[in-house]
Amino acid sequence: MGDVSKKLAKVAAVVVVVIIIVLCIVFGKWSSSKDTSQPRTLAWDNFRLPDSLLPKSYNVTLWPRLQKNKQGTYIFTGASSVIFTCAKETNLILIHCHKLNLTMTNGFHATLTSLGGESTPSIITTRLQEQTQYLVIQLNGNLAVGKFYSLKTKFKGELADDMEGFYRSEYEEDGVKKIVATTQMQATYARKAFPCFDEPTMKASFYITIIHERGTVALSNGMDIESVNMTINNETVTRTTFEPTPQMSTYLLAFIVSDYTYISSAKKDNALIRIWARRKAISRRQGQYALNVTGQILQFFVNYYKSPYPLSKSDQVALPDFQAGAMENWGLITYRESSLLYDSAISSNGNKERVATVIAHELAHMWFGNLVTLKWWNDLWLNEGFATYVSYLGVDYAAPAWNINDLIVLYDVHKALAFDSLASSHPLSSKAESINKPEEISQMFNTISYSKGAAVLRMLSAFLTESVFVKGLRTYLSEFAFKNTIASDLWNHLQRAVDQSPNITIPRKVTEIMDRWVLQMGYPVVTINTHTGAVSQQHFLLDPDSKVDRPSEFKYKWFVPVQWMDSSRVVKTFWLLKATDTHKAMKINTGWVLANVHMSGYFRVNYDTDNWEQLLTQLINNHKVIPPINRAQILDDAFNLARAKILSTTLAMRLTKYLSKEREYIPWASAINNLDYFILMFDGSKEYAPLKEYLKKLVTPLFAYLKNITKNWTQVPAGHTDQYLQVTAIRRACRLGLQDCQRLTKDWFNKWMQNQAINRIHPNLRGAVYCSAIEAGGRQEWDFGWKMFQNASVAAEADKLRFSLSCTKDQSLLKRYLDYALDANKIRKQDAISTIVYIASNVEGSKLAWDFVKRNWDRIFAEFGGVSSFSYLINGVTQRFSTDYDLKQFQKFKEEKSKTGFGSGTLALEQVMEKIKANIKWLAKNKAEVMQFLKKENSQKG
Ligand SMILES: *[C@@H]1O[C@H](CO)[C@@H](O)[C@H](O)[C@H]1NC(C)=O
Ligand SMILES: *[C@@H]1O[C@H](CO)[C@@H](O)[C@H](O)[C@H]1NC(C)=O
Ligand SMILES: *[C@@H]1O[C@H](CO)[C@@H](O)[C@H](O)[C@H]1NC(C)=O
Ligand SMILES: *[C@@H]1O[C@H](CO)[C@@H](O)[C@H](O)[C@H]1NC(C)=O
Ligand SMILES: *[C@@H]1O[C@H](CO)[C@@H](O)[C@H](O)[C@H]1NC(C)=O
Ligand SMILES: [Zn+2]
């Protein structure tokens with residue numbers, strides 16, 4: 001799937017069902033528990049399937065109704081048969097089935113036939129085990145090992161608007177309401193569309209048939225091979241059949257019925273590429289950019305993996321309602337509209353980058369994830385981290401001018417380092433046995449899996465070199481095509497590639513090095529003493545007093561590839577293999593040492609004070625000597641080391657002084673991320689004024705510089721990240737109260753309000769301008785923004801307005817907006833969580849949002865408690881919590897709601913507790929020091 005924070009994931013309402021004790025006793029003798037020393041668990045109480053039955057192929061027919069039935073609900077009906085083989089003798093069939101009403105045939109939910117002609121055991125009972133989501137079929141005799149059977153079911157399900165399984169999405173076109181029937185199977189929702197063995201190793205071939213209203217289009221993973229018009233029960237319909245799929249996992253299936261149209265490009269490498277969307281979006285050419293890049297990126301991956309694209313076509317479909325950012329269904333990739341559609345007159349360069357990045361991420365999965373699939377969700381990080389890492393390579397191929405490879409540092413590496421510095425973090429890989437329930441699986445779609453996964457793989461590729469990395473990757477894919485793997489299968493292939501490359505030496509086996517990064521949480525801070533050459537490592541914790549209660553067999557030591565340079569700027573590598581070591585070359589007399597060059601390693605670096613001073617002097621005298629990524633790194637490391645009480649906060653603040661000369665986006669973005677923490681801690685208090693004054697002083701020259709190079713805002717900077725820098729300058733200058741900036745945005749917005757047919761605000765600047773104008777404005781600006789939000793014809797534009805509406809300072813408007821967030825007629829359900837978090841990010845809205853979430857908790861939990869973005873909500877509404885009172889409130893809340901639990905937000909709860917405690921301590925320790933620094937700086941002319 002597309003990544004979580006950017007690509008909010010999915011829901012699973014947790015069904016709690018009382019297990020009927022009588023049944024357990026009656027069926028007890030069929031328990032699959034073999035080990036008698038273990039407490040006996042009944043097979044159907046286990047969330048994992050037994051390994052007795054293996055599916056071979058399915059024949060599934062589905063018929064979604066795009067009109068309400070007489071009872072006022074949208075439904076689908078279906079029939080499915082699965083051919084499976086018996087691998088271990090058993091008299092019990094467990095097959096996943098959730099929220100489906102199965103039709104009874106001869107008193108049972110299913111019928112069973114043997115395919116070999118021999119006698120079939122008969123069914124004694126069938127029933128649904130709701131908690132573990134099984135159809136349980138008890139037979140009067142054993143199935144025979146090696147024989148094939150077919151199990152048939154007929155069923156009916158609701159085509160709900162819940163964005164999981166087979167669901168419906170709605171939109172309006174020319175005043176007509178239109179319905180799309182579509183799917184989201186990952187991770188555990190295929191069972192909601194038809195009964196199936198719904199685990200990733202249960203690969204099978206799927207023969208799909210869709211019955212749909214005449215005039216609509218049906219899509220599935222394979223190419224459609226036949227469409228026949230017919231009449232069923234007096235309804236005139238079309239029946240479309242699809243070419244069978246290769247052996248694949250259920251979570252990658254997809255079916256869509258819609259009124260969509262498409263654009264396509266000439267077949268590339270025998271694969272047809274199509275972009276599907278609402279008719280209006282296609283006629284306005286919003287799919288054109290996606291079509292341009294999909295072919296290029298697919299071609300890139302064919303070469304990169306040295307493996308042909310495995311299917312005959314690749315469809316990309318934009319959906320108005322979609323929980324994640326995108327989903328890599330094999331051959332039929334689904335996207336949020338904002339992740340696929342692009343309109344050059346309306347969308348920003350950031351929107352364009354997003355489209356290319358999401359397409360690249362999903363296409364990367366066509367091989368890594370789909371062709372070769374991890375055995376179980378505990379290794380999800382390898383699938384998602386990999387796709388995230390190589391998506392940068394794919395985008396770089398399609399848009400080399402963007403320098404996208406550098407942006408991984410901001411988007412993923414820094415983000416992961418921040419998240420992973422908590423004692424409540426968790427390792428990349430979990431034990432397979434610890435991930436069972438749907439909400440436990442859904443919780444895996446998090447920053448650690450995506451961003452730390454990408455950062456660690458990038459480090460691996462850097463120390464192996466990209467050519468060795470790719471070599472191992474290619475043999476891995478070819479050995480395991482259509483099969484399943486565990487992480488060590490990849491390490492073994494990389495090791496082979498290393499062994500065949502005489503020029504590469506690494507100090508340990510790939511597996512040994514990787515285990516330390518994958519099996520234990522966190523990462524090291526490497527400390528270098530340039531007086532002695534001593535180098536040491538230590539587990540980096542944001543709060544040094546926090547208790548780490550997750551034991552690690554590696555004792556929080558890593559094998560660290562330290563790429564470093566001195567003032568001569570020749571890059572060398574030193575492997576730190578012990579807790580403490582000495583590297584004489586790092587003992588220097590003049591100049592500085594800079595380690596983790598280009599931030600290719602997943603760790604932080606600390607130095608002796610003299611070296612910090614040398615780096616600081618270098619930044620002030622000529623910052624360009626240090627690569628931009630490392631300027632960003634120095635800032636991020638220093639601020640975080642200061643938060644962990646390893647470095648003085650004053651030193652970190654002093655490092656920001658050189659920013660008055662910085663003209664690159666990446667260091668600026670890094671600085672702002674860190675200074676935002678100060679804003680968050682201070683902006684509700686009297687301390688904010690001096691901080692604001694200091695920041696204004698830093699941003700003013702940047703604003704002037706951009707005003708100058710854009711010829712008074714009439715031109716667009718040429719570089720991709722220069723365009724980001726322009727947005728940053730405007731956003732920050734306006735927020736900090738620079739009048740020049742506020743006049744500008746107010747003026748632009750007013751002109752648009754006066755003539756709403758013509759919006760002359762440059763697409764890149766719209767997000768910043770709308771927010772600033774609505775912040776400075778009142779009800780009139782807000783109402784106008786709301787109206788424009790409702791009228792927006794491009795999702796990217798609607799998203800900018802939706803965010804900007806949260807910028808108002810008017811609490812009554814914010815209150816109203818919070819109510820809108822949970823009203824699906826006003827804000828789409830897919831956007832509810834992010835809207836609440838936007839409001840919480842506004843200092844005027846944070847308390848309102850917290851109260852709102854508490855007040856509506858039961859409803860929010862029922863609707864979103866299983867989505868992986870649920871943790872984003874919990875983190876978002878508590879981001880300003882920094883007092884003992886806040887902590888008590890949060891603890892009270894936690895206790896009150898502990899009965900129902902926290903679903904996929906369970907880990908987030910622990911993280912939030914830890915963060916609040918750290919905030920309290922940070923303020924106590926740093927408030928005075930920061931104020932002293934600011935007072936001194938603000939009194940100087942600059
Ligand atoms: C699938 O089932 C339909 C009807 O249930 C049948 O007509 C068709 O032949 C089956 N296809 C395969 C490939 O088994
Ligand atoms: C399934 O059955 C339940 C219980 O009888 C009923 O409430 C529900 O509406 C049915 N669902 C569909 C889609 O028919
Ligand atoms: C089926 O009916 C639709 C709408 O009436 C028509 O456009 C289409 O050509 C027909 N398809 C076939 C295969 O006859
Ligand atoms: C189909 O329509 C005919 C004529 O209107 C009617 O007699 C018949 O009962 C209908 N069949 C079904 C299955 O509804
Ligand atoms: C798509 O590619 C064509 C041909 O290179 C180009 O003219 C067009 O501007 C591109 N469209 C977009 C939206 O980038
Ligand atoms: Zn993904």
Side-chain angles (χ1 to χ4, degrees), residues 1-7 9-10 63-65 68-78 97-104 109 128 130 154-160 162 165-168 184 186-187 192-193 251-252 263 265-266 275 284-296 324-330 333-335 339-347 349 351-353 355-370 373-374 377 380-391 394 398-399 401 412 444-446 449-451 453-454 763 794 868:
M1 246 191 315
D3 123 8
V4 191
S5 48
K6 302 174 223 166
K7 313 162 206 180
K10 315 135 294 154
W63 183 3
R65 310 300 202 282
K68 282 184 194 162
N69 65 10
K70 287 194 197 88
Q71 290 76 43
T73 43
Y74 291 89
I75 62 145
F76 64 92
T77 53
C97 177
H98 188 46
K99 294 192 180 174
L100 291 174
N101 290 0
L102 296 168
T103 308
M104 296 292 220
H109 291 97
L128 295 160
E130 279 201 47
K154 284 177 90 174
F155 48 87
K156 187 162 141 189
E158 190 186 345
L159 200 63
D162 55 2
F166 205 10
Y167 73 93
R168 77 173 192 279
Q184 169 62 38
Q186 196 184 28
K192 212 170 147 272
Y251 81 88
L252 294 167
I263 47 174
S265 67
I275 312 293
R284 290 177 180 156
R285 302 181 58 77
Q286 290 172 14
Q288 193 57 46
Y289 179 66
L291 186 64
N292 280 10
V293 290
T294 302
Q296 290 178 57
M327 177 63 211
E328 70 267 23
N329 314 303
W330 219 4
I333 308 177
T334 44
Y335 297 80
S339 305
L340 189 69
L341 303 180
Y342 171 85
D343 185 323
S344 58
I346 294 173
S347 312
N349 69 320
N351 297 138
K352 193 173 193 176
E353 182 193 294
V355 169
T357 307
V358 177
I359 290 174
H361 178 109
E362 306 309 334
L363 291 178
H365 277 310
M366 297 300 113
W367 291 260
F368 201 103
N370 299 8
T373 311
L374 272 313
W377 302 108
L380 179 78
W381 77 272
L382 185 50
N383 193 22
E384 294 304 348
F386 185 87
T388 303
Y389 168 56
V390 299
S391 70
D412 292 297
M444 301 296 288
F445 291 82
N446 59 29
S449 296
Y450 284 81
S451 295
V794 183
S868 55

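In listed order, ligands and their atoms are each counted from 1. Heavy atoms only: backbone and side chains are in, while hydrogens, waters and symmetry mates are out. Note that this is a predicted model, so its numbers are computed, not measured.
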S.K.: Please identify each residue that fulfils side chain to side chain donor-acceptor pair (under 3.5 Å) with S344, with sequence neighbours left out.
M.R.: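 For S344, no residue satisfies side chain to side chain donor-acceptor pair (under 3.5 Å) once neighbours in sequence are set aside.
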
S.K.: Indicate if the distance from the Zn ion (ligand 6) to the nearest N, O or S atom of E362 falls below 2.8 Å.
M.R.: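 Within the cut-off used here (under 2.8 Å), E362 places no N, O or S atom near the Zn ion (ligand 6).
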
S.K.: Should you measure from each heavy atom of E158, which atoms of ligand 2 turn up under 4.0 Å away?
M.R.: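 Selected atoms, number and element: 13 (C).
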
S.K.: With respect to the Zn ion (ligand 6), what is the nearest N, O or S atom of E384?
M.R.: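 Nearest N/O/S atom: OE1.
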
S.K.: Give a rough value, rounded to 10 degrees, for the angle at the Zn ion (ligand 6) between atoms NE2 of H365 and NE2 of H361.
M.R.: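 Answer comes to 100°, rounded to 10°.
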
S.K.: Would you name the heavy atoms of A187 and Y251 that are closest together and state the gap between them?
M.R.: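 Distance-wise, the nearest heavy atoms are O-CB, 3.9 Å.
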
S.K.: For ligand 5, what is the set of protein residues having any non-hydrogen atom at a distance below 4.0 Å?
M.R.: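 Ligand 5 pocket, heavy atoms under 4.0 Å: Y289, N292.
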
S.K.: Kindly indicate whether the side chain of I263, heavy atoms from C-beta on, has any atom under 4.5 Å from the side chain of R285.
M.R.: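 I263 vs R285: side chains apart.
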
S.K.: Can you name the residues that form a side-chain contact (heavy atoms from CB on, under 4.5 Å) with S449, not counting sequence neighbours?
M.R.: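 Applying side-chain contact (heavy atoms from CB on, under 4.5 Å) to S449 gives L380, W381, N446.
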
S.K.: Distance from S391 atom OG to E384 atom CD, nearest 0.5 Å?
M.R.: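 Here the interatomic distance stands at 10.5 Å.
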
S.K.: Mind checking the OH-CZ spacing from Y167 to F76? Nearest 0.5 Å is all I need.
M.R.: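 Between Y167 OH and F76 CZ, I get 13.5 Å after rounding to 0.5 Å.
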
S.K.: Got a sec, which residues hit side chain to side chain donor-acceptor pair (under 3.5 Å) with N351, two or more places apart in sequence or on another chain?
M.R.: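 Counting only residues at least two positions away or on another chain, N351 forms a side chain to side chain donor-acceptor pair (under 3.5 Å) with S348, K800.
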
S.K.: Tell me, do T388 and H361 make a side-chain contact under 4.5 Å, heavy atoms counted?
M.R.: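 T388 reaches H361 side chain to side chain.
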
